Amino acid sequence: MTGSDSKAGADRQDVMAEIAGLVARVSAADHAYHSEDAPVISDADYDALKRRLQQLEELHPDLARPDSPTRRVGAAPSEGFGKVTHAQRMMSLANGFSREDVTDFIARIRSFLNLGADQPLALTAEPKIDGLSLSLRYENGILVQAATRGDGVVGENVTANAMTIADIPQRLQGAPEILEVRGEVYMSHADFAALNASGEGKIFANPRNAAAGSLRQIDPAVTARRPLRYFAYGWGALSEPLADTQFDAVARLAALGFQTNPLMRRCQDAEGLIVTWTEIEKQRASLGYDIDGVVYKVDDLSYQARLGFRATTPRWALAHKFPAETAWTRLERIEIQVGRTGALSPVARLAPVTVGGVVVSNATLHNEDYIAGRDSSGAPIREGRDIREGDWVQIYRAGDVIPKIADVDLSRRADDAVPFAFPTHCPECGAEAIREPGDSVRRCTGGLTCPAQAVEKLKHFVSRAAFDIDGLGAKQIEMFFADPALPIREPAHIFTLAARDDAGLARLKNREGFGERSVEKLFAAIEERRRIPLARLIFALGIRHVGEVASATLARHYGSWSALAGALDRAAPAAERHVRAEEAVAHERAEAAAQGRRARLKETRDRVWSEAPDPGDEARAAWADLVGIDGIGEVLAGSLVTAFAQEAERAGIDRLLEQITPLDVEAAPEARTEISGKTLVFTGTLERMTRAEAKSRAEAMGAKVAGSVSARTDLLIAGPGAGSKASKAAELGVTVIDEDEWLRIAGAG
DNA sequence: CAGCCTCGAGTTCC
DNA sequence: CTCGAGGCTG
């Protein structure tokens, strides 16, 4: 035995020992993670161990052990890019399409800021580049991270790729310590044509897709060869302000070395914006890159700060879009889809046609009124022209995404074309499809016995904001739903799947698209979700009107599943009376409209109310507590309580609850500002701030703003001219402050 | 009771 | 992304 052989032998010993150790540690971590114990090591440590194990096994395949956890859970990597939580949310923009939208925008801002007619309001206008937004984070002048927008909160880390783009500086001179630059990655028309002609990679439909595809390359070397460009137009987190105005801040970005759009202008009013919009539109074809509108922003940054944000958009900006591109094609036929709530939605199947660089073959038709050429109030749309199978129709992509039908060419309509007969029965289950008075959609009455509704509800159950089970998406749900041997027909079945597949994976793993590893992975993902946050569970149930936000509100209010279910059960008798009254009112309203007389709503409600049996004090209290929650109204509450009281629905929920453990909501975090968690009321005239602004400010600081003073009010802000509210506050001993004091509090936040 | 704003539901294509 | 409906304010 030579020296080198013995050394190799010793190395093999070491590798074997290391592999054995890694297998043991990873297996233990897997077990702790998937059973109900707390994980024993961090995700990062786990990944490192597993990667090391994989590496060794690849280098020494003969030493790989049959019981290695890498065999069970699959090779896993290449999940794409890492996730990045934006230091400051990347918002989208409100859209405008008409001159009126622009004047409304200006008027809304003026009234929010309480500006007099003589006070100027400057705005910037710049082309809206049709690319993808990218946030660049610089720390002490060094580019440290580039992230895509994603959902606005969490994006993808594409730093290595961004570093290959020539327009993106990697070092900045004289920049703030922390600087997040926001801008758009795009590809010019010329570069796009050359890229497609070169035959490198696939053929892209349009420059935007080409830019997106190029930026999201796993290998930065590929991105480097793609001719990507970047315009900077804004910023996120900052350690110090860039300037006092939008215009100067963008100029500062240019001075730091960024490309900024040369067509940016400063305007003084709506008229100026529209003139700029018209000029930019004229140049659209000759710019050499795609734009889809003009973005307006309030110039004064202190105004921007006062205006703040709505749910997903800043109040101080508007994207004024150019008219959408359109194309004519033939409508082959109209099909009906059944949604999770039973809604029958008509979809147009089209002869494929290119609109705005994308081939479109389907378009939404909304509902039966839309096909007939009416909106929900009965007013004509498309001048009342209906849509028939075989018609020639004009397609556009609303907001550049959703294909819709703008118009119908009657001159090309076949003589034997007949108006579309909207089905009165569900095409999936045959149950009657009813349109409730006042409703615009027709709904299948089959409930959970309708396979389409059942499968759509299941898809909702596993969706992102609900149970979010890895490896169990819409496709898999369809497959399992139809499976005769191992079916998933209701949520509880998901959690009994592994137990039912007792032939040792025999049935599942041999199926197309399912290997042993993916089955193991799926079962592990399901196990992981047996413990589920209460809000997700409520949302997952798919009760009408109960979406993500309402679910979170309910979870916060009740804290635990037992508290919620108990309250809903107690409220049931009271809810019944409300639901019945609301039904009668909707019916009366529709009938009155049809007969052209005034609806007697109050009378109708009172009549049903007095005829219904008294639900009792306990039920009344539970109901009052439910509808007293901020954001929970009677319709939502009625839908919720009714769902829980329905036998079949409740039985399904109970079967699910045998399989899972809802996690209680933890107590809210410590208050951060002196008014967080408090209820405020404004009264009288505020002189330096409008009501809307004060409200938005208070809410941003964690307070709730109510309309009237009650025992639950913590603070009354009274301006001059305060009347009954101030006296009531005095009566109740509520603290009253004036506007100066309010400004101090608001300023402090 | 009208007029905001936000949420929920449904939809398409990459 | 859009539409319609729900919820809340003035």
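Computed over heavy atoms, backbone and side chain alike; hydrogens, waters and symmetry mates excluded. Lettering follows sequence order; numbering is per chain, from 1. Note that this is a predicted model, so its numbers are computed, not measured.
- In this structure A/Glu456 satisfies the salt bridge (Lys or Arg N to Asp or Glu O under 4.0 Å) test together with A/Lys459, sequence neighbours excluded.
- Put simply, OH on A/Tyr396 is 14 Å from P on B/dT12, counting in whole angstrom units.
- Residues A/Asp407 and A/Arg385 are in side-chain contact: their nearest non-hydrogen atoms beyond the backbone lie under 4.5 Å apart.
- Counting only heavy atoms from C-beta on, A/Asn362 has its side chain closest to B/dT12 among B/dT12, B/dC14, C/dG6.
- When heavy atoms are screened at a 4.0 angstrom cut-off, A/Ala212 is found touching no nucleic acid atom at all.
- Heavy-atom nearest nucleotides on DNA chain B were determined for A/Thr341 and for A/Val359, and the one closer to the 5' end corresponds to A/Thr341.
- The residue A/Gly213 sits apart from the nucleic acid: no heavy atom pair falls under 4.0 Å.
- Rounded to whole Å, atom P of B/dC7 lies 16 Å from atom NE2 of A/His460.
- Listed nucleotides: C/dT2, B/dT12, B/dC14. Nearest to the side chain of A/Phe97: C/dT2.
- Residue A/Ser345 has its side chain nearest to B/dG10 when only C/dG7, B/dG10, B/dA9 are considered.
- Side-chain atoms of A/Leu115 and A/Tyr303, non-hydrogen and from C-beta on, do get closer than 4.5 Å to each other.
- By the salt bridge (Lys or Arg N to Asp or Glu O under 4.0 Å) test, A/Lys404 is found to be paired with no residue, residues two or more places apart in sequence or in another chain being considered.
- Comparing atom distances between the A/Arg108 side chain and each of B/dC5, B/dG10, B/dC14 picks out B/dC5 as nearest.
- Scanning for salt bridge (Lys or Arg N to Asp or Glu O under 4.0 Å) contacts around A/Glu335 gives A/Arg333, A/Arg349, with sequence neighbours left out.
- A/Val347 comes within 4.0 angstrom of the backbone, heavy atoms only, and of no base.
- Taking 4.5 Å as the limit, every side-chain heavy atom of A/Leu307 sits out of range of all side-chain heavy atoms of A/Pro314.
- Remark: A/Gln337, A/Arg340 in residues 332-340 of chain A come within less than 4.0 Å of DNA chain B through at least one heavy atom.
- Rounded to whole Å, atom C1' of B/dT11 lies 15 Å from atom CG of A/Leu344.
- The side chain of A/Ala343 lies closest to B/dG10 when the candidates are B/dG8, B/dG10, B/dT11.
- Side-chain atoms of A/Glu548 lie closest to B/dG8 of the nucleotides B/dG8, B/dC14, B/dT12.
- Legend: residues meeting side-chain hydrogen bond (donor to acceptor under 3.5 Å, both in side chains) with A/Thr148, ordered by chain and number and at least two apart, are absent.
- Whole-Å rounding puts the A/Glu634 CD to C/dG6 C1' distance at 11 Å.
- Distance A/Asn367 CG to B/dT11 P: 11 Å, rounded to the nearest Å.
- Contact between the side-chain N/O atoms of A/Lys404 and the OP1/OP2 oxygens of C/dC3 is found at a separation under 4.0 Å.
- Computed from coordinates, the A/Ile395 CD1 to B/dT12 P distance equals 12 Å when rounded to whole Å.
- What separates OH of A/Tyr370 from P of C/dT2 is a distance of 13 Å, to the nearest Å.
- For A/Arg435 and C/dG4, the CZ to P distance is 11 Å, given to the nearest whole Å.
- Relative to the side chain of A/Arg315, the nucleotides B/dC14, B/dT11, B/dT6 differ in distance, and B/dT6 lies closest.
- The salt bridge (Lys or Arg N to Asp or Glu O under 4.0 Å) check on A/Asp290 picks up nothing, with sequence neighbours excluded.
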